[in-house]
2 protein chains.
Amino acid sequence: MRIGELAAQTGMTRDTIRFYEKVGLIAGRRLANGYRDFPPEAVAWLQYVRAAQTLGFSLAEIARTGEELRGVPDASEALSALFEEKIKLVDARMSELAALRTELAERVGTGCPLRAVVPDGNGGGNPTGRPSPKALGPVN
Amino acid sequence: MRIGELAAQTGMTRDTIRFYEKVGLIAGRRLANGYRDFPPEAVAWLQYVRAAQTLGFSLAEIARTGEELRGVPDASEALSALFEEKIKLVDARMSELAALRTELAERVGTGCPLRAVVPDGNGGGNPTGRPSPKALGPVN
DNA sequence: CTAAACAGTGGAGTACGGTCCAAGGTCAAG
DNA sequence: CTTGACCTTGGACCGTACTCCACTGTTTAG
């Protein structure tokens, strides 16, 4: 598969794929004429890359995952370990999100004065006359 | 509060705070000598910024949130609406993560050939002799 | 009064993740 | 044999989020 088709099938641009090759995310073999040639699995791999990326993994991290999978005698075990690691990361991210969600949910309807916390040039007073119940609390 | 103290209390550098002011994330009033002067609430605000940021919100998004909170006659309702919106975003992110988690968990112990999908210059063959059960499946 | 600590500005540089462009090579159809 | 689609490379450029630097002004402690 040449770069154009891979681009079409993944929704990425040719430039993006060339960039990914440059940073080691994907390795193209070459045809006799110098054109890149990708196996069909490259489509799935790039979709995985996109998925991982939108979940907050950097290209370097994703590439490292790929790297670690190569050069391992039996990939099966290594894969399981790697996936378990990723799951831990995902779980950690999820609980961070859950914490923020709780934070946010608590503030709904309480009239918490985030406003007092957004400097707005009006002098930082309390123009509403309402009391200021502590402003946002511990976020960390 | 001057910039140095704010920096110390938030763990940010002065440069970062100046940068945040430049992009409208925080607005400093000025003392007679030109020094920035921040209200104590700025600490909580910057902590909130960090929290939101590590959860994947861009500075522009965070700034917009702040913007929207200003110029609203009664901030309390606007705040609740905004928080509910953020909660939806957080929920969406969490379910994406949950989906990836499932994906990953399913692959643990299955020996799924992600390797076949990471071009490695050895020709793309199947050096292990094991069959290739479809490589990664639908990620989207 | 001087030195250090703190503040200000503008501008350059960095890392990441692309995106665009110019100049040219390859290939199939007409 | 030309046209057009497709491919190559290298390098410039963009937005985001800082980070560092040089140079200058202000405040504070000895």
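Only heavy atoms go into these numbers, but all of them, side chains included; no hydrogens, no water, no symmetry mates. All values reported here derive from a predicted model rather than from experimental measurement.
- In this structure, CZ of A/R18 is placed 13 Å from P of C/dC20, rounded to the nearest angstrom.
- In this model, the phosphate group of D/dT19 is approached by a side-chain N or O of B/T16 to a distance below 4.0 Å at OP1 or OP2.
- Of the residues near DNA chain D, A/K22 and A/G34, the one whose nearest nucleotide (by heavy atom distance) lies more toward the 5' end is A/G34.
- When heavy atoms are screened at a 4.0 angstrom cut-off, B/D15 is found touching base atoms of the nucleic acid.
- Taking all atoms of both residues into account, the shortest heavy-atom contact from A/G24 to A/A63 is O-CB, 4.3 Å.
- A side-chain N or O of A/R50 and one of A/Q53 form a donor-acceptor pair less than 3.5 Å apart.
- With hydrogens and angles ignored, no donor-acceptor pair under 3.5 angstrom links the side chain of A/Y20 to the base of C/dG17.
- The minimum heavy-atom distance linking A/W45 with A/I62 is given by the pair CH2-O, 4.2 Å.
- The two residues B/M1 and B/D37 make their nearest non-hydrogen contact at N-OD1, 2.8 Å.
- Each of B/A32 and B/Q53 lies near DNA chain D, and the nucleotide nearest B/Q53 is the one positioned closer to the 5' end.
- Regarding A/E61, its CD atom lies at a distance of 14 Å from the C1' atom of C/dA15, rounded to whole Å.
- Between A/E21 and A/R30, at least one side-chain N (NZ, or NE/NH1/NH2) sits under 4.0 Å from a carboxylate O, which counts as a salt bridge.
- In this structure, B/T13 does not reach the D/dC18 phosphate: none of its side-chain N or O atoms is under 4.0 Å from OP1 or OP2.
- Here the P atom of nucleotide C/dT19 and the CG atom of A/L59 are 11 Å apart, to the nearest Å.
- In terms of position on DNA chain C, the residue among A/S58 and B/E5 whose nearest nucleotide sits closer to the 5' end is B/E5.
- Note: CZ (A/F57) to C1' (C/dC16) measures 17 Å, nearest angstrom.
- Going from atom CZ of B/R14 over to atom C1' of D/dG25 covers 15 Å, rounded to whole Å.
- B/R2 comes within 4.0 angstrom of sugar-phosphate atoms only, judged by non-hydrogen atoms across all strands, and of no base.
- Contact check, A/N33 against D/dT8: no side-chain N or O comes under 4.0 Å of OP1 or OP2.
- Under 4.0 angstrom from either OP1 or OP2 of C/dT26 there lies no side-chain N or O belonging to A/R30.
- In this structure, A/Y35 places its OH atom 7 Å from C1' of C/dG25, rounding to the nearest Å.
- One interatomic measurement links the two molecules: CD1 of A/I17 to P of C/dC20, which rounds to 14 Å at whole-angstrom precision.
- Listed pair A/R36 / D/dT9 meets the phosphate criterion, a side-chain N or O lying under 4.0 Å from OP1 or OP2.
- In this structure, the CZ atom of B/F19 is 16 Å from the C1' atom of C/dT9, given to the nearest Å.
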